[in-house]
Amino acid sequence: MDTTADLLKTPLHSLHLELGARMMAFAGYDMPVQYPMGVMKEHLHTRAAAGLFDVSHMGQILIRARSGDVTDAARALEAITPVDVLGLKPGRQRYGLFTNDKGGLEDDFMVANRGDHLYLVVNAACKHEDLARIRTALSDSCEIEAQFGRGLIALQGPVAEAVLASYAPDAEDMLFMDVADLKIGGTPVVVSRSGYSGEDGFEISIPADETERVARLLLADDRVEAIGLGARDSLRLEAGLCLYGNDIDETTTPVEANLKWAIQKARRAGGEREGGFPGADVILNQFDTGPARLRVGLQPSGKAPVRAGAELYDSESGGAAIGTVTSGGFGPSVGGPVAMGYVPADLSAAGTTLYAEVRGKRLELAVSALPFVQTTYKR
């Protein structure tokens, strides 16, 4: 079990303590779970104004082709991901997946074409394995640079653009998934118009020694509040976004996880670069035949939250479990409990009534379309 002394610290650790954050161990780091405002108000503030999240624990990795041609790096990366990296234009970012030979998901990530190199952001808990995976597969043709000490913050919410544009006016011209070099208070930063809350917003990569200064500049705006991991989780759940390790893992395929959209036409059967990634035979076959199970939204009928791990049934009593809840909790913007989980494909239609077993009782819930709250990305 981690002790505080064992935990890593992000460049914003001192600021979290100064702001009164309640800290917890997360992916090997001492991270803020909430601030004095509390999870509920932090969640609602992000939906109404802007929240600032410390995501520096995630892994940032640069990939440069030894040839100097970024398309060679893209082509090399496609050997270990089903994503169309080669078709990603300079200044654009895309959601990606690492798969294994059984079609399972080893991690999800963001990849940007930065003109002369690729820039990846991977999950904190998987970043060392991801780095090893990339080095093993790409070192012959690419130089790989881990930037695990660099700062990364997310500014999310309907006024995020106005706040960031007060320091970097070019932010207003960016659209969802654009990536650009900007300056905040004179500090060069890499900004993507993306995030994990379902709100419009930005993720900002900052040199470690400048991260606290930039965060303080943004927090000086009265419309911005520091937000912890608790609200980050409820925001992403309402947005229907997967949490690696809960909703997706090495046993779930992209098709089962309802992430078919993340595999572009070029990599599918009949595409220009069909297959050629780990587990392609399993995954592409599921495109044709359909998976046996699917990730769906679940909306409990009552007020009681249904948490991850709860078993799902197709009847109010008796019978065997037909699925499992993978994420669940109270959705402050929805005003009630929300959840996601895996169910048999023939029970995945919106409106299907199912039951979750919670402390010996079966609670009624309905399969729901995702997201629970409409996203507000600027496209």
Side-chain angles (χ1 to χ4, degrees), residues 82 95 97 99-100 102-106 108 198 233-263 268 279 281-375:
Y95 177 74
L97 306 162
T99 51
N100 60 32
K102 295 182 178 178
L105 293 164
E106 294 291 320
D108 59 350
D233 193 53
S234 57
L235 287 160
R236 74 92 194 163
L237 175 56
E238 285 186 340
L241 300 173
C242 293
L243 175 63
Y244 190 81
N246 279 43
D247 307 296
I248 52 176
D249 60 27
E250 68 278 5
T251 70
T252 55
T253 72
V255 181
E256 291 173 334
N258 247 327
L259 296 173
K260 289 196 296 184
W261 56 268
I263 302 176
R268 298 185 187 183
D281 53 341
V282 176
I283 294 167
L284 297 183
N285 184 57
Q286 285 187 348
F287 269 88
D288 289 335
T289 62
R293 59 174 184 161
L294 274 173
R295 178 178 64 92
V296 297
L298 299 163
Q299 192 141 27
S301 302
K303 295 182 179 180
V306 177
R307 307 288 183 186
E311 292 187 321
L312 294 167
Y313 295 83
D314 60 1
S315 62
E316 197 166 3
S317 62
I322 52 93
T324 307
V325 172
T326 52
S327 286
F330 183 77
S333 302
V334 172
V338 289
M340 295 192 296
Y342 285 84
V343 301
D346 60 357
L347 295 175
S348 64
T352 302
T353 298
L354 298 174
Y355 300 86
E357 193 158 283
V358 179
R359 291 188 291 277
K361 294 183 179 179
R362 291 194 184 179
L363 307 181
E364 183 177 309
L365 41 72
V367 174
S368 169
L370 293 173
F372 295 106
V373 174
Q374 286 305 307
T375 56

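Remember, predicted model here, so these are calculated numbers, not experimental data. One-based numbering along the sequence shown.
- Separation of atoms OG1 (Thr99) and CD1 (Ile283) is listed at 4.5 Å; rounding is to 0.5 Å.
- Here the closest heavy-atom approach between residue Ser234 and residue Pro332 is recorded as CB-CD, 4.1 Å.
- In this structure, the separation between OH on Tyr95 and CD1 on Ile263 is 10.5 Å, given to the nearest 0.5 Å.
- Here OH of Tyr244 is found 5.5 Å from CD of Glu106. Values are rounded to the nearest 0.5 Å.
- Heavy-atom minimum distance, Pro305 versus Pro337: CA-CB, 3.7 Å.
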Practice item. Would you check, one step at a time, whether the test side-chain contact (heavy atoms from CB on, under 4.5 Å) holds for Gln299 with Val338? Key: CA-CA 5 Å; Gln299 192 141 27; Val338 289; 4.2 Å; yes
Exercise for review: Would you please test Leu347 and Val367 for side-chain contact (heavy atoms from CB on, under 4.5 Å) and show each step?
Suggested key: CA-CA 8 Å; Leu347 295 175; Val367 174; 6.0 Å; no
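- Annotation: the span from Arg293 atom CZ to Asp346 atom CG amounts to 14.5 Å, rounded to 0.5 Å.
- Under the 4.5 Å side-chain criterion, counting only non-hydrogen atoms from C-beta, Leu298 is not in contact with Val306.
- Electrostatic pairing of Arg362 and Glu316 does not count as a salt bridge here, judged by no charged N lying under 4.0 Å from a carboxylate O.
- Gly198 and Ala239 make their closest contact through CA-CB, 3.7 Å (heavy atoms, listed as atom of the first residue, atom of the second, distance).
- In terms of modelled atom types and a separation under 3.5 Å, the side chain of Asn258 and the main chain of Arg295 share a donor-acceptor contact.
- Atom-to-atom distance recorded for Ser333:OG and Leu235:CG is 6.5 Å, nearest 0.5 angstrom.
- Side-chain contact between Ser327 and Arg236 is present, with at least one heavy-atom pair separated by less than 4.5 Å.
- Each of Leu354, Thr352, Asp314 was compared with Val343 under the side chain to side chain contact (heavy atoms under 4.5 Å, CB included) criterion, and only Leu354 meets it.
- Counting only heavy atoms from C-beta outward, the side chains of Thr252 and Thr326 never approach each other to under 4.5 Å.
- Within the 3.5 Å criterion, the main-chain N or O of Gly245 finds no donor-acceptor partner in the side chain of Asp249.
- Side-chain contact between Tyr355 and Leu363 is absent, with no heavy-atom pair separated by less than 4.5 Å.
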